[in-house]
Amino acid sequence: MPRSNVRRCLDALVEEGVVRKENEHGYRGELDGLASRVDAVYFQTIRDAIVRAADELKALDAPS
């Protein structure tokens, strides 16, 4: 993904209060901004995908 696209996406996330600019080149998630959206459908979809991926990784790591 081009750097300019990433920067535009980060600027939008900063504007929404989901992340904040940390220093000249760093960003950090805003817990309050994320917590206010935790019940959103897209967060549930992301959570479910993470849980599925974690389960698959555990299965790969399990002894045969």
Side-chain angles (χ1 to χ4, degrees):
M1 177 181 279
R3 187 177 289 263
S4 59
N5 288 3
V6 173
R7 193 167 309 277
R8 275 193 297 276
C9 290
L10 282 168
D11 288 344
L13 291 170
V14 167
E15 191 172 313
E16 289 291 323
V18 178
V19 298
R20 67 181 153 92
K21 193 158 175 75
E22 184 81 351
N23 54 41
E24 186 178 336
H25 299 291
Y27 292 85
R28 184 175 296 258
E30 282 288 357
L31 293 180
D32 291 341
L34 294 171
S36 69
R37 293 166 172 83
V38 77
D39 291 329
V41 172
Y42 61 89
F43 258 59
Q44 293 170 6
T45 302
I46 292 168
R47 181 200 165 281
D48 292 345
I50 292 169
V51 169
R52 279 193 309 275
D55 289 343
E56 290 180 27
L57 288 170
K58 285 179 191 174
L60 289 173
D61 202 31
S64 300

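The neighbour count for R47 CZ, taken as heavy atoms of other residues, nucleotides or ligands under 6.0 Å away, does not exceed 12. Within 6.0 Å of atom CD in E15, 12 or fewer heavy atoms from other residues, nucleotides or ligands are found, so the atom counts as exposed in its surroundings. The local environment of CG in L31 is sparse, with at most 12 non-hydrogen atoms from other residues, nucleotides or ligands closer than 6.0 Å.
Nearest heavy atoms, K21 versus Y27: NZ-OH, 3.4 Å. Counting all heavy atoms, side chain and backbone alike, V19 lies closest to L10 at CG2-O, 4.1 Å. Across Q44 and D39, no two heavy atoms sit closer than the pair NE2-O, 3.2 Å.
In this structure, E22 pairs ionically with R20, as a charged nitrogen and a carboxylate oxygen lie closer than 4.0 Å.
No continuous path of ILVMFWY side-chain contacts below 4.5 Å connects I50 to L57, so the two sit in separate hydrophobic clusters.
Between R8 atom CZ and N5 atom CG the span is 4.5 Å, to the nearest 0.5 Å.
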